[in-house]
Each structure stands twice: as structure tokens, then as C-alpha cells.
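A quick write-up on the structure given underneath.
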Amino acid sequence: GEEVWAVDTCNSESSGKANEDGCKLQPMFEVDQAPAQPTLLSLSRVKAKEQNVDCQKSNANLERSKESPQAEQNLLQAAAPQVEGGLDDWLKKWCTAEVLAAFAKASSQEAAVKSLAIALNWRQRHRAVLTGAKAPCWQGDMRVVARAGSGHPLIFMSMAHQPPASNSASIIEHMAAVLEAACQHANHGAWGFDVVCDCRGFQLSKNLDPRPAMAAMEMLKHAYRGRLRRALVVSAPYAFNGLWHVVKGLLPKPTQEKILFVTVKEANLEIEKSYGCAAQKVLNLLNHPQDKSSWKFPSELVD
């Protein structure tokens with residue numbers, strides 16, 4: 001079958017193809033050996049988890065009162081020496097009590113410090129995109145399209161609109177700008193965002209480079225730690241499942257469980273049930289051809 005290649009960052013002596021950066025590439029899997037369709041998680045079980053999370057968020061101040069603010073500041077102080085160029089006012093402003101509390105929930109103090117340092121360095125490298133000083137070369141249609149009644153922004157993307165030739169660095173910048181916009185649009189005490197990814201039209205030939213997918217997982221793990229409330233992956237084909245099997249290990253298990261593989265029918269039912277006044281906008285995007293002239297990046301929300 002057709003092979004999918006991954007960057008080998010550990011063994012420069014291994015044989016294999018090389019990409020444009022000179023990095024050795026190793027085959028991840030052959031398409032005809034791709035793993036089976038992931039088991040669909042129970043929507044009711046995930047919904048119960050979401051309700052529990054929302055309950056916890058509504059009592060955020062109470063929860064934080066159980067954590068020492070000094071401990072969170074100690075976490076920041078421990079990560080600061082690992083930040084290239086040091087902490088400036090822009091980075092410090094991002095380090096709110098709520099953000100630091102998300103990192104403090106890591107499995108250990110060492111893991112929390114490491115993850116926070118990774119997130120801060122990532123923000124430092126992508127500062128121009130995150131602040132709007134640089135506009136990404138937009139790749140496809142990923143954007144914030146609506147906001148649920150709960151205050152959670154909704155990100156929509158269709159694999160059918162991937163450009164014929166894309167650049168991994170541009171894709172990563174596109175994703176960064178959209179995730180940052182989603183966080184800024186959250187209101188009513190909402191902490192995170194939802195994602196609907198329509199996989200109809202997925203082409204393996206446009207996704208042979210795993211770096212964008214790996215970068216997305218790393219963003220969710222570090223720079224946007226705890227922000228993903230739920231993702232609906234709609235009508236994923238067999239080849240997509242192979243890519244998911246490779247990259248999902250980069251995410252903590254609780255985050256993996258927020259990513260649901262659903263049919264079009266299941267997606268329609270869940271969107272209609274969960275997104276309130278925003279449901280119709282997302283349903284239109286999922287079920288009708290898009291007017292590309294109406295796309296606005298990174299967000300179609302005005303506030």
C-alpha cells in the first residue's frame with residue numbers, strides 16, 4: 001500500500017527518505033494496514049463528563065481557593081528560567097491564575113513546570129501570529145464560526161477544503177491563530193472551545209506529512225492545555241483513522257476521550273442538542289456547500 005512517513009527526530013543514522021529539511025523520514029504505516037475505525041465513545045458518557053466540568057468551572061473561584069496562589073506563582077517562577085528571552089509583560093499577562101491552575105493539575109510538579117515552559121516558549125515563537133502582527137497564509141477553512149449558549153466558541157473545519165499544496169509551517173500558524181481567537185471569544189465563564197471537523201473529502205495525499213497533526217496535538221497538550229471541551233470528528237475515512245492512531249498518543253488520555261468519532265447523523269443530532277442558537281450555523285456548514293467568499297479568518301465572531 002501507499003506509505004505514510006514520519007519525521008525521525010531520534011535516529012539520524014536510520015535509513016529512509018529525507019524531507020526538505022534533511023530530516024530522515026520513517027514509515028508510520030501502510031494505508032492498507034491502517035488501524036480499524038476507532039470505537040465511538042458514548043455521547044451520553046462524555047456529556048456527563050462535560051456537565052461535571054462545567055460545574056467545576058462555575059465554581060472556579062472555590063476550587064482555586066483550595067489551591068495555594070503562592071504554589072501557582074512558584075510554578076511560574078520555576079518555568080521562567082526555561083523561557084527563551086525571559087518572561088516579559090505579554091507572557092506574564094497570559095499567565096492568569098486560571099491558566100496556571102490548568103498546568104498545576106499535571107501529574108507532578110516537574111511535569112507541570114515542563115509543560116508550562118513549553119507553552120511559554122511556543123507563545124514566544126508564535127507571538128507575531130498570536131498578537132495579529134502577522135497574518136498567516138490561510139490553509140483551508142478552519143475558523144471560529146459561532147459560540148454556544150454556554151459561551152464556548154465553536155471551531156469548524158472541512159477536510160474537503162484543504163488546498164492542493166499546503167505548507168506545514170503555514171498550517172501550524174493557521175491553527176495557532178484560530179485557537180487563540182477561540183480562547184479570546186469565550187464568555188459567560190467558559191474556559192474552552194469545541195471543534196467540529198468534517199472529514200468527508202479527506203485525501204491522504206494531502207496529509208502525508210504528519211507534522212501539522214502532531215503540532216495540533218502538542219498545542220492542545222501545552223499551549224492550550226485544558227481548553228478543548230469536545231471535538232466531533234465527522235465521517236472519518238479509514239486512512240484518517242491511521243493518522244489518528246499515530247498522533248493520539250501525544251495527548252493525555254482525558255483529552256483523547258474528548259475527541260469523538262461520529263457519523264453525519266450522530267453529528268447532526270449532537271449539534272442540534274448541544275449548541276443552542278449556534279446549532280443552525282454549524283448544521284448549515286456541515287450539510288450544505290460553503291460560500292467561500294463568506295469565510296473570515298481566524299474568526300467570524302465580531303466581539
Side-chain angles (χ1 to χ4, degrees), residues 9-10 46 49-127 129-131 152-153 155 172 175-184 186 189-195 211 213-231 247-259:
T9 58
C10 302
V46 174
K49 287 185 179 181
E50 289 175 0
Q51 291 172 346
N52 183 53
V53 170
D54 288 341
C55 180
Q56 291 175 349
K57 291 304 299 174
S58 67
N59 292 285
N61 292 332
L62 176 61
E63 290 297 320
R64 283 200 298 269
S65 71
K66 298 177 182 177
E67 301 287 341
S68 168
Q70 186 58 47
E72 294 172 358
Q73 288 304 311
N74 290 342
L75 176 62
L76 180 58
Q77 291 174 9
Q82 302 179 41
V83 179
E84 299 175 8
L87 289 175
D88 59 12
D89 289 342
W90 182 72
L91 289 174
K92 289 178 181 178
K93 184 178 179 180
W94 178 74
C95 295
T96 63
E98 197 168 27
V99 166
L100 294 177
F103 288 93
K105 294 175 184 177
S107 58
S108 66
Q109 176 76 3
E110 181 182 2
V113 171
K114 180 180 178 180
S115 184
L116 178 57
I118 290 173
L120 289 167
N121 279 308
W122 182 89
R123 293 187 68 82
Q124 189 80 289
R125 292 193 302 273
H126 294 88
R127 180 188 295 239
V129 169
L130 300 179
T131 59
H152 294 87
I155 296 172
I172 292 168
M175 291 189 294
V178 173
L179 295 183
E180 187 74 3
C183 292
Q184 293 173 358
W191 166 249
F193 49 77
D194 284 15
V195 177
R211 286 176 293 181
M214 295 171 68
M217 302 301 103
E218 290 293 326
M219 288 183 206
L220 294 177
K221 184 177 181 180
H222 301 297
Y224 298 96
R225 188 179 186 92
R227 295 281 193 173
L228 178 66
R229 185 175 71 145
R230 180 176 55 178
V247 302
K248 72 176 183 179
L250 298 173
L251 291 175
K253 188 65 178 295
T255 305
Q256 291 182 32
E257 293 179 349
K258 296 177 181 178
I259 300 174

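Heavy-atom basis, side chains included; hydrogens, waters and symmetry copies ignored.
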By side chain to side chain donor-acceptor pair (under 3.5 Å), which residues pair with Arg227, not counting sequence neighbours?
none
What are the two closest non-hydrogen atoms of [X] and [Y], and how far apart are they?
X      : Y      : result
Pro153 : Ala186 : CG-N, 3.5 Å
Gly226 : Lys258 : O-NZ, 4.5 Å
Tyr224 : Cys183 : CD2-SG, 3.6 Å
Ala176 : Leu130 : O-CD2, 3.8 Å
Gln256 : Gly249 : NE2-CA, 4.2 Å
Phe103 : Ser115 : CE2-OG, 3.4 Å

Looking at [X] and [Y], would you say the former's side chain and the latter's main chain have a donor-acceptor pair under 3.5 Å?
X      : Y      : answer
His126 : Trp122 : yes
Thr131 : Arg127 : yes
Glu72  : Ala104 : no
Asp88  : Leu91  : yes
Glu84  : Gln124 : no

Would you mind reporting whether [Y] and [X] have side-chain heavy atoms less than 4.5 Å apart?
X      : Y      : result
Ile155 : Asp194 : no
Leu250 : Lys221 : no
Val178 : Phe193 : no
Ile172 : Met219 : yes
Trp94  : Leu120 : yes
Leu116 : Gln82  : no

Can you pull out every salt bridge (Lys or Arg N to Asp or Glu O under 4.0 Å) where at least one residue sits in residues 108-124? Sequence neighbours excluded, please.
Arg123-Glu180
